[in-house]
Visitor: 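Below you will find the structure I want to go over with you.
Every chain is numbered from 1, with letters handed out A, B, ... down the list of sequences.
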Amino acid sequence: MRIKGKGLIDRSRSIPFMFDGVRYSGFEGDTLASALLANGVRLMGRSFKYHRPRGVLTAGSEEPNALVTVGSGASQEPNVRATVQEIYAGLEACSQNRWPSLNFDLLAANDLAAPFLGAGFYYKTFMWPKSFWEKVYEPIIRRAAGLGALSGQDNVDKYERAWAFCDLLVIGAGPAGLMAALVAGRAGADVILADEGSRMGGRLLAETYEIDGKPGHVWVDEVQAELEAMDNVRLMTRTSVAGVYDQGTYAALERVHHHDGRHPHGAPLETFWRIVAKRSVLAAGALERPVAFRDNDRPGIMTAGAVRAYLNRWGVSAGKNVTVFGNTDDIHRTARDLLAAGVHVAAVIDSRHDAPLSDDYPVLRGAQVCGSSGRKGLEAITVRRPSGEERIQTDCLAMTGGWNPSVHLTCHMNGRPTWRRDIAAFVPTPGAVPGMVPAGACNGSFSTAACLREGIAAAGEALADLGVKLPEVAVPEAEDTPYEIAQLWAVPGKGRAWLDFQNDVTVKDVKQAAVENFRSVEHMKRYTTQGMATDQGKNSNVAALAVLADATGRGISETGTTTFRPPYAPVSIAAIAAGAEGRGFRPQRFTTSHKASVARGAPMIEAGLWYRPSYFPKPGETTWRQSCDREVRMVREAVGVCDVSTLGKIDIQGPDAGAFLDFVYTNMFSTLKVGRVRYGLMLREDGYVMDDGTTARLGQHHYLMTTTTAAAGDVMKHLEFVHQGLRPELDVCFASVTEQWAQFAVAGPKSRDLLNGLLEKPLSDEEWPFMACGPVKVLGVEGRLFRISFSGEHAYEIAVPARYGASLFDILAERAEALGGGPYGMEALNVLRIEKGHITHAEIHGRTTAFDIGMGRMVSQKKDCIGKTMSERPGLEEEGREQLVGLKPVGESKQLLAGAHLYNEGAEPTRVNDQGYVTSVCYSPTLGHMIGLGFLADGPERHGETVKMVDGLRGVTTLCKVVDPVFFDPEGGRVRG
Amino acid sequence: MRITCPYCGERDRREFYYRGAATDLDRPAPDAGEEAWENFVFLRENPAGVTRDLWYHEGGCGAWVVVTRNTVTHEVLETRLASEARS
Ligand SMILES: [Zn+2]
């Protein structure tokens, strides 16, 4: 029911919206909850377990009951709090957790079964038979429970992540936060003022307080206007500070466009902020707690503060005939506000025996509400007085059990709050978060004047050691009512009295937990699920632990709280992960020949983040093997071109570059001649192989190292570590130049013919012997040439600055085709290297040593190097180790499979008989059969033996002959010829 | 968590790659013996309190930084360049 003349809404702007398919209208400034209440809608949801009809309990982000789904299809968002969602034209919201409808929910049958569904019922009921849990019980429970549903589609909304930095972060823009921001802003500090509401002001918008003789909201507007005019102050509304982390890092969620459903210019729906603040003032306010009594969960029963908020901020009376119940003077303020707005107050039930009386409304002193009735909404309450019980007709009960300071953020870094008996509440423990000063209601100071005073003081304290001097500021005049409370948690009596509304946890459940010896508050929480709903116990934690304390005969302080963890308010994973989904999670790296490869129809395969061509299909080829076999023959017989730019390239310069390389490689590089390339092997400090590759000496003090594609980043880090951490005295430095150079392998007997004509002068064996390198001019472009070979053929690698890569690839491929060759892909590259017994990370997989791969002699005995000492450990070079061998099928089965294990010919294929395993296999078109590389116990001594390859997974057994890993041209004549 | 890179200033820890204990800087001589090498390569303290570890400013200048911090309070007590921090 809307009250004339009340509220901070714009009545000139009527806004239509839909709830559960029914069209309603509200005003600009309404939340979904206030607009529904204004339209007389009290039933907004169903509870989690018993499907009890529920209405709105609060007016803020702590709302446990009124959760709705907004939107439909891919952008539908479940579990949106109706108290936070602002209405806009076109808003479509639906209730959830009910079937078939909110008014008629078949699962409400759970409520009748409540005696069997108490605390721990899952653990007790669904024990037997064991096999039923996964197949029967869990699916049924999951269907019945749960809140809103996800669409199951990809999220179409845009989210963003952002950083902000400031001297002072003020969390909450009520009277304390506004004052803190104002004085810090005037002092010139960089201030961020964040508030979760759509409008600044906090409780000042919900109460009728005056500040300096003006209505609270007018004072708020004036302060806000002054802050907005300051360049050093940033105001962030609809922004919940959700977490506190080390060294002044705060997580915050800004709801950028939930309130209007628009995304102009690609604006995000939400932004996840990381705010780095030198200091902070916590002015998060307080949350009102309900009182537990029998059937205190009917729609129409809500917190007194919420009733005042709906009345004063939104001009909505939550009922026509209101009753008020509680244990502080707030209930009288509620009654006065309602009466002033012309709403009938049926009774004020004050649990305090010395409660103030009133001429305007009946006050029942020392009385308690002990029950309620009404089918889908409150119709009457039962009040217990010393003289007996009495029934009062009412459609709205405003209740309060006092206020809980919002201490949450002060506990995110392991802090525990302190119990203050005088206000029956937990307050922040001083110093709980370094650099954070709490002020106002979150600090247990509830009067407006106290909030204003503490806001100023907190800003001063926070900024003092930053050298910011605060201006003298007069504390504005405001009410300074003392807070008097008589503890009231649960009204004794039969029936179910709700503590945790969303998770349906009652006083009885908590007591039951204590009886069953779940006496620790953490155990009670997990046994009853109290505090585990989306409100994270904001409405129930303190009352629940008070009940537990009573049931276990301990004090509240001794019982303690559960751990407060981030986030304070729900944060969507989509916002936290903004930009990191899809390709943001896995960026793509393309070589300069990418487009040309794709244009030639090459399927691209991932190599880390890189994409490389698998093969280049020719017309008529229907399988990858046909293309691959052709490309291999092409390289062996004519010439092939392959983009090898993805290999890591590290430019190493300095007078000590050679000495440095001697230390990171097992073999010598200081002795390498300028203009020559050498293959190098790198170990980890534990003695196992880390990576391999060729390194060229381009000048006296200039080397170029290549790494495998996969290890490029790791090797770069490794080099920097070895230099900075272990050999800082060496004068050497590194730069990754992987992206700067496009590099192509030109391999095959006609490779020299291909290159001749592109270079200034023809290549000769005298000037360009195997393993030579040097600068060349490629069609006028300064490039580099390396006579190295991964294929075993006469081959070169030619490098040009990356901007020339695409055009050079086209030229090379064309020239190769004219010579009967062409480009080749990863499949052919792999076959060529297996035929030559060259290793990749399939072989140097982290558990093999130089000895294992047959390169034991590459570990120079003349010098120390990384990994050398540990590589000499007993066990790493002794008899019985699995060492690299070649394998070829000799029996009926011709199939080799990587990953298969090796056994002696007559042995059972069991673990104890294991002799080794296969790492790389391919069909060799050169040899006409499959070949493989693998590791076999004492392998090099067993050439000629027959072993049995067994792939247990794929059910393949193949007899293999053990051979030298170099299958093709073992003398290496082709590479030099 | 914020780490002060001696070159770049205070930065978010996401710019850094974590390696492990700063004992990696204390590489024994090749002939230091089995025990010294085993300690160096494999054995690590896991203190509740002050620890020194190595972070690489990978998203920044490429400096290896020795960070002295408290694993209980999460305080960062000191940061130094690895090249100047060898004990
Ligand atoms: Zn740096």
Visitor: For Asp465(A), look at atom CG and say whether over 12 heavy atoms of other residues, nucleotides or ligands are found less than 6.0 Å away.
Guide: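 Enclosed.
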Visitor: Rounded to the nearest 0.5 Å, what separates atom SG in Cys61(B) from atom CD in Glu720(A)?
Guide: 9.5 Å
Visitor: Mind checking whether Glu10(B) and Val276(A) have side chains closer than 4.5 Å, heavy atoms only?
Guide: yes
Visitor: Is Ala63(B) in contact with chain A via its backbone, its side chain, both, or neither, using a 4.5 Å heavy-atom distance?
Guide: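 Ala63(B) touches chain A through backbone and side-chain heavy atoms alike.
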Visitor: Count the heavy-atom pairs under 4.5 Å between each of Glu685(A), Met870(A), Lys717(A), Met716(A) and chain B, then report the option with the highest count.
Guide: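 Ranked by contacts with chain B, first place is Lys717(A).
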Visitor: Select one option (side chain, backbone, both, neither) describing which atoms of Glu58(B) are under 4.5 Å from chain A's heavy atoms.
Guide: side chain
Visitor: With a cut-off of 6.0 Å (strictly less than), are more than 12 heavy atoms of other residues, nucleotides or ligands near CZ of Arg44(B)?
Guide: yes
Visitor: Could you check whether any side-chain N or O of Gln724(A) sits under 3.5 Å from a backbone N or O of Glu84(B), counting only pairs where one atom can act as donor and the other as acceptor?
Guide: no
Visitor: Distance from Arg69(B) atom CZ to Gln247(A) atom CD, nearest 0.5 Å?
Guide: 10.0 Å
Visitor: Is it the side chain or the backbone of Val66(B) that comes within 4.5 Å of chain A heavy atoms, both, or neither?
Guide: neither
Visitor: Could you report the tightest heavy-atom contact between Ala82(B) and Gly725(A), atom names first, then the distance?
Guide: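 Closest pair (atom of Ala82(B), atom of Gly725(A), distance): CB-CA, 4.4 Å.
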Visitor: Check each atom of Cys733(A) against the heavy atoms of chain B and say whether the ones under 4.5 Å are side chain, backbone, both or neither.
Guide: neither
Visitor: With a 4.5 angstrom heavy-atom cut-off, could you sort out which part of Ile866(A) is near chain B: side chain, backbone, both or neither?
Guide: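 Both parts, backbone and side chain.
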Visitor: Under 4.5 Å heavy-atom distance to chain A, tell me which part of Arg19(B) shows up: side chain, backbone, both or neither.
Guide: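 Side chain only.
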Visitor: Do Trp37(B) and Asp686(A) make a side-chain contact, defined as non-hydrogen atoms from C-beta onward lying under 4.5 Å apart?
Guide: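 Of all side-chain heavy-atom pairs linking Asp686(A) with Trp37(B), none is under 4.5 Å.
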Visitor: In terms of heavy-atom proximity below 4.5 Å to chain A, should Asp31(B) be classed as side chain, backbone, both, or neither?
Guide: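 Looking at Asp31(B), nothing touches chain A.
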Visitor: More than 12 heavy atoms of other residues, nucleotides or ligands under 6.0 Å from CD of Glu34(B): is that the case?
Guide: no
Visitor: Counting only heavy atoms closer than 4.5 Å, note whether Arg274(A) contacts chain B via side chain, backbone, both or neither.
Guide: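 When you check distances to chain B, only side chain atoms of Arg274(A) fall under 4.5 Å.
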Visitor: Heavy-atom distance under 4.5 Å to chain A: side chain of Ile3(B), backbone, both or neither?
Guide: neither
Visitor: Can you establish whether the number of heavy atoms outside Phe42(B) located under 6.0 Å from its atom CZ is more than 12?
Guide: yes
Visitor: May I ask you to test the Thr249(A)-Met1(B) pair for a side-chain heavy-atom distance under 4.5 Å?
Guide: no
Visitor: Step through the shown structure and confirm whether more than 12 heavy atoms of other residues, nucleotides or ligands are within 6.0 Å of CZ on Arg857(A).
Guide: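 Open: at most 12 neighbouring heavy atoms sit under 6.0 Å from CZ of Arg857(A).
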Visitor: For atom CZ of Phe165(A), is the number of surrounding heavy atoms from other residues, nucleotides or ligands below 6.0 Å larger than 12?
Guide: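 Counting neighbours around CZ of Phe165(A), more than 12 heavy atoms of other residues, nucleotides or ligands fall under 6.0 Å, so yes.
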Visitor: Applying salt bridge (Lys or Arg N to Asp or Glu O under 4.0 Å), run through Arg27(B) and Asp864(A) and close with a yes or a no.
Guide: CA-CA 12 Å; Arg27(B) 189 171 187 270; Asp864(A) 184 22; 2.9 Å; yes
Visitor: When you compare the side chain of Tyr245(A) with that of Arg2(B), does any pair of heavy atoms fall below 4.5 Å?
Guide: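 Counting from C-beta outward, Arg2(B) and Tyr245(A) never come under 4.5 Å.
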Visitor: Select one option (side chain, backbone, both, neither) describing which atoms of Arg14(B) are under 4.5 Å from chain A's heavy atoms.
Guide: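 Side chain only.
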Visitor: Minimum heavy-atom separation for Trp64(B) to Phe721(A), with atom names?
Guide: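 Taking Trp64(B) first and Phe721(A) second, the nearest heavy atoms are NE1-N, 3.0 Å.
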